[in-house]
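A quick write-up on the structure given underneath.
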Amino acid sequence: MSEPNVVSWTALMAGYIDTGQPKMALWLFRKMPECSVMPNTFTFATVVNACSILADLKTGKKVHAQVEIFGFQSNLVVCSSLIDMYGKSNDVNEAHRVFDSMGYRNVVSWTSIITAYAQNAQGHDSLQLFREFNWSTSDRPNHFMLASVINACASLGRLVSGKVTHAMVIRRGHDSNDVVASALVDMYAKCGSIGYSSKVFRKIQHPSVIPYTSMIVGTAKFGLGKLSLELFQEMLDRGISPNDVTFVGVLHACSHSALVDEGLEHLNSMYERYGIMPDAKHYTCIVDMLGRTGQLDRAYSIAKSIQVKPDEGALLWGTLLSTSRLHGRVDIALEASKWLIESNQQVAAAYVTMSNAYALAGRWENVHGIRSEMKHSGVSKEPGCSWIEIKDFTYVFYAGDVSSCARGSEVVILLRELEGRMKERGYVGGSMGLVFVDVEEETKEEIVGLHSERLALGTFGDIFVLIIQHTFTLGPYSVVQVFNFLLK
DNA sequence: GTAGGGTTAG
């Protein structure tokens, strides 16, 4: 073309984005002024989209400034693309500022802001905005919006809200949409209802790699390692190629069900058979798997050989630290915590876990040393917590020190008894952990009534004892398997 | 010629 106009420039940029080359779109955008072609709203929406894909906040902000200079700040499409860009670049506050500035909004702009919150671990705000959308507009949610809302429910573990959203999906006729179905499969698994996951999954006509991966990950987290690997095989038999995330699920299944040989075989097959290079997240699973089964030296040498970015290292070395503590390997725990502290990653958690490793080894002088060091340097750890939604109330549980709680000594007796039963049935591993809380009588009845069989063993006098122990201290056993032990 | 959705390790 002798004189390409703004449409030709924009079309070319969009073409590069469609073919996975967003950087080329940005390059073209910078070239435009040299040819005296002025960008318009279409151009800006496209360029902002390129920044969004790259999660390039710095460039995104510069482009946003230009949007203002050109006076396009009230354009609906440009604003939606900006909200999306800020969301994907993890700047939710800025996304909300753009959303607030809009005089007119449609389903897309609402979806962009709901998604921004859902994808940035702010599920509550995401759901609140969804409610606001429903009563403030006459528009109805479509499959894009519903997929994001289901994602928010999944991240919060909110089964009831998830079911309500599922009902909306059915009512609006979106239940055959494969993206919505994948979101539902994931949501039910994360809300503890793997049976519903499976039901939704089996209704998908031609499941792609993503719903398969959701099922593989879901069953893996439930401690159903064998089933997880069967699903993987089924996927391969149907000619669907796994991706890097699928292998995270497969390796996770192996580590959480103590399938060491299978895990190593899958790791080796990744590149050979499927051309997928194992990276830090896969090696983290392998380190976890070897660590859980007590092969700490092997796990340590693998961790040392992996090149990692700081955030990947936080997980890799954090995993090694956890399993070292579990098996009382103070030497390796020390190396792992050193890596974390020197890289300024998860510093408080590293101190606490290291202190616990020393405590397990009876090295109390070191425990006190770490605690005073923490105090001195002002490092403090936010306690972790779990929560469960029962009817319309959310119960939050903090890991507690048994001895400092009401009737703690009786709880310890109960715990030792449960531990004894587990050992009789072949459980090997460290001491059981426990989370317990005093609740109102009627609340207890409500909870116990709902899960009477499961919680019968967990109720102790007027103290409601909830055994929530992460697979991590249960060695190769999952919490579901432990429940099964106890109920037999 | 333009904007929105699903899977990821401790």
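Just so it is clear: chains get the letters A, B, ... in the order the sequence lines come, proteins before strands, and each one is counted from 1. All heavy atoms count here, side chains included; hydrogens, waters and symmetry mates do not.
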Nearest to the side chain of [X], heavy atoms from C-beta on, is which of [options]?
X: A/Val217; options: B/dT8, B/dG1, B/dG4; answer: B/dT8
X: A/Arg292; options: B/dT7, B/dG5, B/dG10; answer: B/dG10
X: A/Phe42; options: B/dG1, B/dG5, B/dA9; answer: B/dG1
X: A/Ala14; options: B/dG1, B/dG4, B/dT8; answer: B/dG1

Partner of A/Ile114 under side-chain contact (heavy atoms from CB on, under 4.5 Å), chosen from A/Ser126, A/Pro141, A/Ser109: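 Considering A/Ser126, A/Pro141, A/Ser109, a side-chain contact (heavy atoms from CB on, under 4.5 Å) with A/Ile114 is found only for A/Ser126.
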
Taking only N and O in the side chain of [X], is any of them less than 4.0 Å away from OP1 or OP2 of [N]?
X: A/Lys88; N: B/dA3; answer: no
X: A/Gln119; N: B/dG6; answer: yes
X: A/His252; N: B/dG10; answer: yes
X: A/His256; N: B/dG10; answer: yes
X: A/Asn49; N: B/dG4; answer: yes
X: A/Asn151; N: B/dG6; answer: yes
X: A/Lys190; N: B/dT8; answer: yes

Please check if any side-chain donor atom of A/Asn151 sits under 3.5 Å from a side-chain acceptor atom of A/Ser148, or the reverse.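 On atom types as modelled, these side chains do not qualify, holding no pair under 3.5 Å.
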
[N] [atom2] sits how many Å from [X] [atom1], rounded?
X: A/Leu251; N: B/dG10; atom1: CG; atom2: P; result: 11 Å
X: A/Leu28; N: B/dG1; atom1: CG; atom2: P; result: 17 Å
X: A/Asp244; N: B/dA9; atom1: CG; atom2: P; result: 12 Å
X: A/Asp84; N: B/dG4; atom1: CG; atom2: P; result: 5 Å

If the threshold is 4.0 Å, N to carboxylate O, is there a salt bridge linking A/Asp175 and A/Lys203?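 Looking at A/Lys203 together with A/Asp175, the answer is no, because their closest N to O distance does not fall below 4.0 Å.
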
Heavy atoms only, 4.0 Å cut-off, all strands: where does A/Ala154 land among base, sugar-phosphate and nothing?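 Nothing: the residue A/Ala154, judged by heavy atoms under 4.0 Å, touches no strand.
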
Is it the case that the ring center of A/Tyr117 lies less than 6.0 angstrom away from the ring center of A/His96?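 Yes; A/Tyr117 has its ring centre under 6.0 Å from that of A/His96.
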
Close aromatic pair by centroid cut-off 6.0 Å: A/Phe201 and A/Tyr188: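 Ring-ring flag for A/Phe201/A/Tyr188: false, centres at least 6.0 Å apart.
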
